Protein chains: 2
Amino acid sequence: MSAGSEGRRTTLADVAARAGVDRSVISRVLSGDSRLLIRDETRQRVLDAVRELGYRPNAAARTLRTQRTGTLGLLIPDYANPVYAEIIKGAETVAAERDCVLLTGSADADRGLGSYLDLLGQGRVDGLLLAGEMASKEALDGLTADGLPWLLVNRTMRGEARHVVLDDERAAGLAVRHLVELGHTEIAHLAGPSSSNTAQRRARGYRAALREHGLEVPSSLTARTDYSADGGYRAMFQLLDAQTRPTAVFVANLASAIGALHALRTQGVDAPGAMSVIAVHDLPLVEHISPALTTVRMPLRELGRRGVELLSDLGPNDTVKEVVTGPMDVVVRESTAPPR
Amino acid sequence: MSAGSEGRRTTLADVAARAGVDRSVISRVLSGDSRLLIRDETRQRVLDAVRELGYRPNAAARTLRTQRTGTLGLLIPDYANPVYAEIIKGAETVAAERDCVLLTGSADADRGLGSYLDLLGQGRVDGLLLAGEMASKEALDGLTADGLPWLLVNRTMRGEARHVVLDDERAAGLAVRHLVELGHTEIAHLAGPSSSNTAQRRARGYRAALREHGLEVPSSLTARTDYSADGGYRAMFQLLDAQTRPTAVFVANLASAIGALHALRTQGVDAPGAMSVIAVHDLPLVEHISPALTTVRMPLRELGRRGVELLSDLGPNDTVKEVVTGPMDVVVRESTAPPR
DNA sequence: CTGAAAGCGCTTACAG
DNA sequence: CTGAAAGCGCTTACAG
């Protein structure tokens, strides 16, 4: 299919020669230029030549000329976190619908936003989605100064009005309500790291929901996890040592909940008999552990979708603050039950 | 830091004007051209101007000129599969070391290699890593015809000599040996999908290891999973219904093993008392489920690393077949024990 | 020691 | 209806 021997790719000039027209005509036919007046016969010759030669426009040349790359960047902290897997999927789907490439990369403490940007150089992406905690305010202002649109995904930042997030307060509220409706009054929170934006919002939602239901909010009922299973394991031990032991715990993420269940087993505390457990986020796996975990399912794909949609229409100096309103529901399984 | 008001980015011409030299001099200073003879004083003026203006080369222009993008593509079937998360991490690390961007994307039944390539257009990547089963032989030959180097990662393909894989046969052998050393003689296999390359190699390794230890290889002791937890759950039920119930099972991947443990609980079969379970791959999570899963830890990061290393040095017509020789070991936890 | 010039492959305003 | 020309921002062989 491709022209002759490998080595040189087909360019517009090749197609033009074959179709017997100027390069510019090929370009306009392919871009669907409406102001182009062309005989059907000529158009057909052009399209045939394109097909026969397997022509595909050179991305670098097009970008250099148009100053648009057709690429968006997505920076995440960790591929191993299934939360980001879902966000990526949603984002890729919309990007593909819009004939746009999504360039996903990871950054962490070692390799932060700065090193990612060094790699990207200038003009590799038309905009940047930043999911997670790795970007400093200075770095973001640097992006703005460079004229590169960016958008925070799944986090907010003081003094920056460019984010799309989920309703983490509401998720916490749903979890607490589920536990209250089961009859629980001593409801603990296994909170994520205080530096994490989602953790802050889930903790805030937890406290608000307790108050709303007329319950006290003793600080002894909150323990911290770093969002890992190990962290959840250790934090659950803390809760079990508290003055008054809770009968239920709202856990800020899945991995911590799995660690928490482990701690309960270790200590011979029956779940859900002596301790109900509900966590934010859902995965097929949690149906298969014991007890199967009750969760609050979050619209993560929708979050990724909206991220790309908003970023596509965002100028470098625009602002946007959006809370995704996708479906969010409590998936009741075995790990929650009335207190006994 | 960036020059003046946002809108136009700094180009070589801006830097040249500031430093009072020709654009070509700036370019050669930055690229470290050894044949460039330049006074220290001039060099310093150039570097100062670069720094003061925050100049970064335009990627598209450089690519158009050099025909190199400094970008490698990595195509995976599914971000939610932690196996690929590890491969990506290894690949990104090496790519960053080599000042190269890794563009990761996913393709599946709906959006296959073809649509990914359509998005990439021409000249977006210097090479392509393909991890998983989504590429047909025709598509690969198309890449070769286009002069684009590619490499299969974690899979082989008949008639194509361009892959880097793990030693799945050896992993299966280690698992079987662990079970044999515990005293098991009725060892089943919960195999991955017959279409999957890794699944085939693990199944082959399983059979070879049984024979090596002088054990029979009855086909009734193999059941199929689609690599999901649900699949493992269903497949375990099949094994439990077999004529002679095995005392141990070697499971082809983690998710299936978690489903299999669930099936055992459901049927009241004690693990490891009545059934030992060992699976390929390892994750922090499996330490926290009950029973904590015995696994064969695979050098997935090393696989990603080698993928990028090999691809970087690969011409479009070269061949390479490599088995990664990273550390691979049995992590003994609670799910395996002597038969009772 | 440094500069002028060509050209990578496109797109698009303009000319006829 | 179609073509000629300029120019996006680099790199590099060549000239002096």
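The structure presented is a predicted model; accordingly, all values stated were derived computationally and were not measured. Convention: sequence-line order gives letters A, B, ...; per-chain numbering from 1.
- Rounded to whole Å, atom P of C/dC1 lies 15 Å from atom CG of B/Asp33.
- To the nearest 0.5 angstrom, A/Leu129 atom CG is 9.5 Å from A/Leu75 atom CG.
- Crowding of B/Lys137 atom NZ: a count of heavy atoms from other residues, nucleotides or ligands under 6.0 Å exceeding 12.
- To the nearest angstrom, P of C/dT12 lies 13 Å from CG of A/Leu30.
- Salt bridge annotation for B/Glu97-B/Arg305: present, with a cationic side-chain nitrogen under 4.0 angstrom from a carboxylate oxygen.
- For the pair A/Arg18 and A/Asp14, the salt-bridge criterion is not met [side-chain N within less than 4.0 Å of a carboxylate O].
- Using a distance-only test at 3.5 Å, with no hydrogens or angles considered, a donor-acceptor pair links the side chain of A/Asn197 to the main chain of A/Thr156.
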Next on the checklist: Strictly under 4.0 angstrom, non-hydrogen atoms only: write out the protein contact profile of nucleotides 2-7 of chain C, one letter per nucleotide from the 5' end, B, S or -.
Outcome noted: BBB-BB

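- For the pair B/Leu12 CG and D/dG9 P, the computed distance is 11 Å after rounding to whole Å.
- Straight-line distance from the CG atom of A/Leu64 to the C1' atom of C/dC8: 9 Å, rounded to whole Å.
- B/Arg306 pairs by the side-chain contact (heavy atoms from CB on, under 4.5 Å) definition with B/Val164, B/Glu302, B/Glu309, B/Leu310, B/Glu322, B/Val324, not counting sequence neighbours.
- The separation of D/dT12 from C/dC1, taken at their P atoms, amounts to 23 Å, rounded to a whole angstrom.
- Looking only at distances, no side-chain donor or acceptor of B/Arg23 sits under 3.5 Å from a matching main-chain atom of B/Ala13.
- OP1 and OP2 of C/dG9 both lie 4.0 Å or more from every side-chain N or O belonging to A/Arg62.
- For the pair A/Gln67 CD and C/dT12 P, the interatomic distance rounds to 12 Å; values are reported in whole Å.
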Checklist entry - Given the rule in the side-chain contact (heavy atoms from CB on, under 4.5 Å) test, do B/Arg301 and B/Thr93 qualify, once you have shown the distances and angles that lead to the verdict? => result CA-CA 9 Å; B/Arg301 293 216 186 183; B/Thr93 305; 5.7 Å; no

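- Looking at DNA chain D, the stems built from 3 or more consecutive Watson-Crick or G-U wobble pairs, each pair with its key distances under 3.5 Å, are C:1-3 with D:14-16, C:5-12 with D:5-12, C:14-16 with D:1-3.
- Comment: B/Arg45 does not engage B/Asp48 in a salt bridge, judged by the lack of any side-chain N to carboxylate O separation of less than 4.0 angstrom.
- When each of B/Asn58 and B/Ser31 is assigned the nucleotide of DNA chain D bearing its nearest heavy atom, the one mapping closer to the 5' terminus is B/Asn58.
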